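Before any comments, here is the structure.
These numbers come from a predicted model, not from an experiment. Atoms within each ligand, like the ligands themselves, are counted from 1 in listed order.
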Amino acid sequence: MSIENCKIIDLPKIQDPRGNLTFIEGGEHIPFNIQRVYYLYDVPGGAERGGHAHKGLHQLIVAMSGSFDVLLDDGKEKRTFHLNRSYNGLYVCPMIWREISNFSSGSVCMVLASNLYDENDYYRDYNQFLFNLN
Ligand code: TYD
């Protein structure tokens, strides 16, 4: 899996003077079905999250509030995405190392995932991740 597969997805946005609405349907707006949702919040200034890759998990990362940077690395190329819109999501395919940093104060990072939590799906060691690339 290459970093070329990872991209910002423009999610549907229903504009309304009463407040905007965005929705995400698994398999429709994102290329996987959603089995799990988790979110990072109350992140202290200067903290970094991530620092791992997934063997088979597909994810969509959304800045529900505030902003942060997501560094993606497929072992050959690195790209950084700045997320700051709740109607944009970053699709991350399997076998991509990611690091999330520069959280703004009060930011919320929501992640939609294609599978339930499974520690065996993680590479938490960068060299082990590189070793297992094709
Ligand atoms: P981790 O995935 O390492 O967090 P991040 O990549 O956002 O920095 O998870 C941190 C801890 O939370 C780890 O002990 C596993 C646990 N966890 C769950 O129990 N369920 C989950 O769905 C997730 C994402 C993490």
Kindly indicate whether atom 2 (O) of ligand 1 is approached by any protein heavy atom to under 4.0 angstrom. yes
Which ligand 1 atoms are under 4.0 Å away from a heavy-atom of Tyr122? 1 (P), 2 (O), 24 (C)
Can a protein heavy atom be found under 4.0 Å away from atom 11 (C) of ligand 1? no
With nothing but distance in play, are any N or O atoms of Gly50 less than 3.5 Å from an N or O of ligand 1? yes
Exactly one candidate in Asn84, Asn102, Ile100 meets side chain to side chain contact (heavy atoms under 4.5 Å, CB included) with Phe68; the answer is Ile100
Which of the ligand 1 atoms, numbered from 1, are nearer than 4.0 Å to a heavy atom of Tyr38: 24 (C)
Do the charged groups of Asp121 and Lys55 touch, with an N to O distance under 4.0 Å? no
Pick whichever of Glu48, Arg124, Glu99 has a heavy atom sitting closest to atom 9 (O) of ligand 1. Arg124
Distance in Å, Cys93 SG paired with His54 NE2, rounded so as to fall on 0.5 Å steps: 12.0 Å
Could you tell me the separation between the CG atom of Asp69 and the OG1 atom of Thr80, rounded to the nearest 0.5 Å? 6.5 Å
Could you give the distance from NZ (Lys76) to CG (Asp74), rounded to the nearest 0.5 Å? 6.0 Å
Determine whether the side chain, the backbone, both or neither of Leu40 has a heavy atom under 4.0 Å from any heavy atom of ligand 1. side chain
I need the nearest protein heavy-atom contact for atom 6 (O) of ligand 1: residue, atom name and distance, please. His52 NE2, 2.5 Å
Name the option, out of Arg36, Arg49, Glu119, that contains the heavy atom nearest to atom 21 (C) of ligand 1. Arg36
Arg49 and Glu99 ion-paired at < 4.0 Å: no
Applying a strict 4.0 Å limit to heavy atoms, is Arg98 in contact with ligand 1? no
Tyr117-ligand 1 polar pair, N/O distance under 3.5 Å: no
Evaluate Tyr91 against His58 for side-chain hydrogen bond (donor to acceptor under 3.5 Å, both in side chains), listing each step before the verdict. CA-CA 8 Å; Tyr91 168 65; His58 299 253; 2.6 Å; yes
Check whether more than 12 heavy atoms from other residues, nucleotides or ligands sit under 6.0 Å from atom OH of Tyr117, and answer yes or no. yes
